[in-house]
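Only one structure is covered here, and it is reproduced in the block below.
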Amino acid sequence: MVGELERRYPPSWAEEWDRVGLVLGEPSAPVRRVLLVVDVVPETVAEAIAAGADMIVAHHPLLLRGVSSVAPTTFKGRIVHQLIKADVALYVAHTNADVADPGVSDALAARFGLTGLRPLHRPAPGSPAHGAGRGIGRIGELPEPMTLAELTRHAAAVLPVTAWGVRAAGDPRRMVRTLAVSGGSGDSFLADATAAGVDAFLTADLRHHPAGEHLAAGGPALLDAAHWATERPWLDDVAALLRESPGVETLVSDRDTDPWTVHAAPPAADEKEPRQ
């Protein structure tokens, strides 16, 4: 199982700061049932245990930063103890899955039917991840042009539902033909979207000042979705990959682990005139 994951998402492709690979579990232990999750949190751990999973494959690392204790009195320590007691292994594919081809952003692009895909941000020449088709984010053509307002509504319909939903920045009447997408936090790739000449860029975790300055400089329109929603589509691809192994059953968690749980739109928000 680990070998199959590492053939598709080699750990050497991960960023230096990242922590990927096998976190818990005996490498030689048989794996018959796998739960795919974005986040390793108490709710998804409980889901794995209830389902009788032998392994969790997660996108976000549980132990990204150094810890001095995994005592059960700590948040992460409790999770580690629960997984060990239940004999559930944990494997993480993070930035190595982001840069892969196909990877996280390919699954996101598929939700929009994008064609002619190419990377938004390519790895540096000489880096382990450098290669044809690999890179962070994807750029492609929409099946049909849409206004930014139409695309925002379409994004909310095709992405997993969250309280956050999808918000957009730019002229609602702007026509969008070429779209860049990047699963997860993407405001460090605003300059790449501008350089690529796309009409709009969809990602997550966009911040006030970088977004405002980007638009003021004439950059493409922006769509900001929930972090979890932009990465959840990839789980289906990993599930399909692992199902190719004989005797392996895969389950995909649809538990929304986005921290934002309440959204209130102003009255008649869709009827507001765009700002000049």
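Quick note: residue numbers are just sequence positions, from 1.
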Exercise. Is there a donor-acceptor pair under 3.5 Å between the side chain of D106 and the backbone N or O of G103?
Worked result: yes
Problem set entry | Test item: D54 and V88 side chains (from C-beta on) under 4.5 Å apart, heavy atoms | no
For this session: Spell out, yes or no, whether L117 and L151 are grouped together once hydrophobic residues are joined by side-chain heavy atoms under 4.5 Å, including indirect joins.
Result: yes
Exercise. Less than 4.5 Å apart, any side-chain heavy atom of L83 and any of I56?
Worked result: yes
Problem set entry | Nearest-0.5 Å distance, CG of residue D258 to CD of residue E231 | 10.5 Å
Problem set entry | E144 side, atom CD; L142 side, atom CG - distance, nearest 0.5 Å | 9.5 Å
Exercise. Hey, mind stepping through D236 and R111 against salt bridge (charged side-chain N to carboxylate O under 4.0 Å, His left out) and telling me if it holds?
Worked result: CA-CA 12 Å; D236 295 323; R111 292 290 178 113; 3.8 Å; yes
For this session: Run the salt-bridge test on D237 and R8 with the 4.0 Å N-O cut-off and return the result as yes or no.
Result: no
Exercise. Which other residues belong to the hydrophobic cluster containing V2, where Ile, Leu, Val, Met, Phe, Trp and Tyr are joined when side-chain heavy atoms lie under 4.5 Å apart, directly or via other members?
Worked result: M1, L5, Y9, L22, V31, V34, L36, V38, M55, V57, Y91, V104, W228, W234, L235, V238, L241, L242, V248, V252
Exercise. Is any side-chain heavy atom of S182 closer than 4.5 Å to a side-chain heavy atom of I136?
Worked result: yes
Exercise. Between R134 and D101, is there a salt bridge with N-O shorter than 4.0 Å?
Worked result: no
For this session: Using atom types as modelled and distance alone, determine if a side-chain donor or acceptor of K76 lies under 3.5 Å from a backbone N or O of L63.
Result: no
Problem set entry | R19 side, atom CZ; L64 side, atom CG - distance, nearest 0.5 Å | 7.0 Å
Exercise. Quick one: which of T152, L202, L206 gives a side-chain contact (heavy atoms from CB on, under 4.5 Å) with D224?
Worked result: L206
For this session: Answer with yes or no whether the hydrophobic clustering places L35 together with I79; edges join I, L, V, M, F, W, Y residues whose side-chain heavy atoms lie under 4.5 Å apart.
Result: yes
Exercise. Would a hydrophobic clustering, with Ile, Leu, Val, Met, Phe, Trp and Tyr connected at side-chain separations under 4.5 Å, put L223 with W164?
Worked result: no
Exercise. Are a donor atom and an acceptor atom from the side chains of D256 and T162 found within less than 3.5 Å of each other?
Worked result: no
Problem set entry | Side chains of L179 and V181 in contact at under 4.5 Å (non-hydrogen atoms) | yes
For this session: May I ask whether L222 and V198 are part of the same hydrophobic cluster, defined by side-chain heavy atoms of I, L, V, M, F, W, Y residues being less than 4.5 angstrom apart, directly or through others?
Result: yes
For this session: Enter the distance from M146:CE to H154:NE2 here, rounded to the nearest 0.5 Å.
Result: 4.0 Å
Exercise. Would you say W13's side chain and P128's backbone share a donor-acceptor pair under 3.5 angstrom?
Worked result: yes
For this session: For the pair T194 (side chain) and G219 (backbone), establish whether a donor and an acceptor sit closer than 3.5 Å, ignoring hydrogens and angles.
Result: no
Problem set entry | salt_bridge(R207, D187) N-O dist < 4.0 Å | yes
Exercise. Do the side chains of V45 and V40 get nearer than 4.5 Å, heavy atoms only?
Worked result: yes
Problem set entry | H227 side chain to G183 backbone, donor-acceptor under 3.5 Å | no
For this session: Say whether V166 and L148 are linked into one hydrophobic cluster, either directly or through other cluster members, by side-chain heavy-atom distances under 4.5 angstrom.
Result: yes
Problem set entry | E43/R255 ion pair, N-O < 4.0 Å | no
Problem set entry | Pairing of R7 and E4 as salt bridge, 4.0 angstrom limit | yes
Exercise. Looking at side-chain heavy atoms only, is the closest gap between L62 and V92 below 4.5 Å?
Worked result: no
Exercise. Going by heavy atoms in the side chains, are P143 and T115 under 4.5 Å from each other?
Worked result: no
Exercise. Are the side chain of R138 and the backbone N or O of G135 linked by a donor-acceptor pair below 3.5 Å?
Worked result: yes
Exercise. With distance as the sole criterion, is a donor-acceptor pair present between the side chains of H209 and H214 under 3.5 Å?
Worked result: no
Exercise. Any sub-3.5 Å donor-acceptor pair from D18's side-chain atoms to T95's backbone N or O?
Worked result: yes
For this session: Can you establish whether the number of heavy atoms outside D205 located under 6.0 Å from its atom CG is more than 12?
Result: yes
Problem set entry | Whether D199 side chain and T178 backbone form a donor-acceptor pair below 3.5 Å | yes
Exercise. Are side-chain heavy atoms of L24 and I84 found at a separation under 4.5 Å?
Worked result: yes
Exercise. Does a donor on one side chain and an acceptor on the other come within less than 3.5 Å for T147 and R173?
Worked result: no
Exercise. Which of parallel (below 30°), tilted (30 to 60°) and perpendicular (above 60°) describes H59 and H94?
Worked result: perpendicular
For this session: Scan side-chain atoms only and decide if S253 and E47 contain a donor-acceptor pair under the 3.5 Å cut-off.
Result: yes
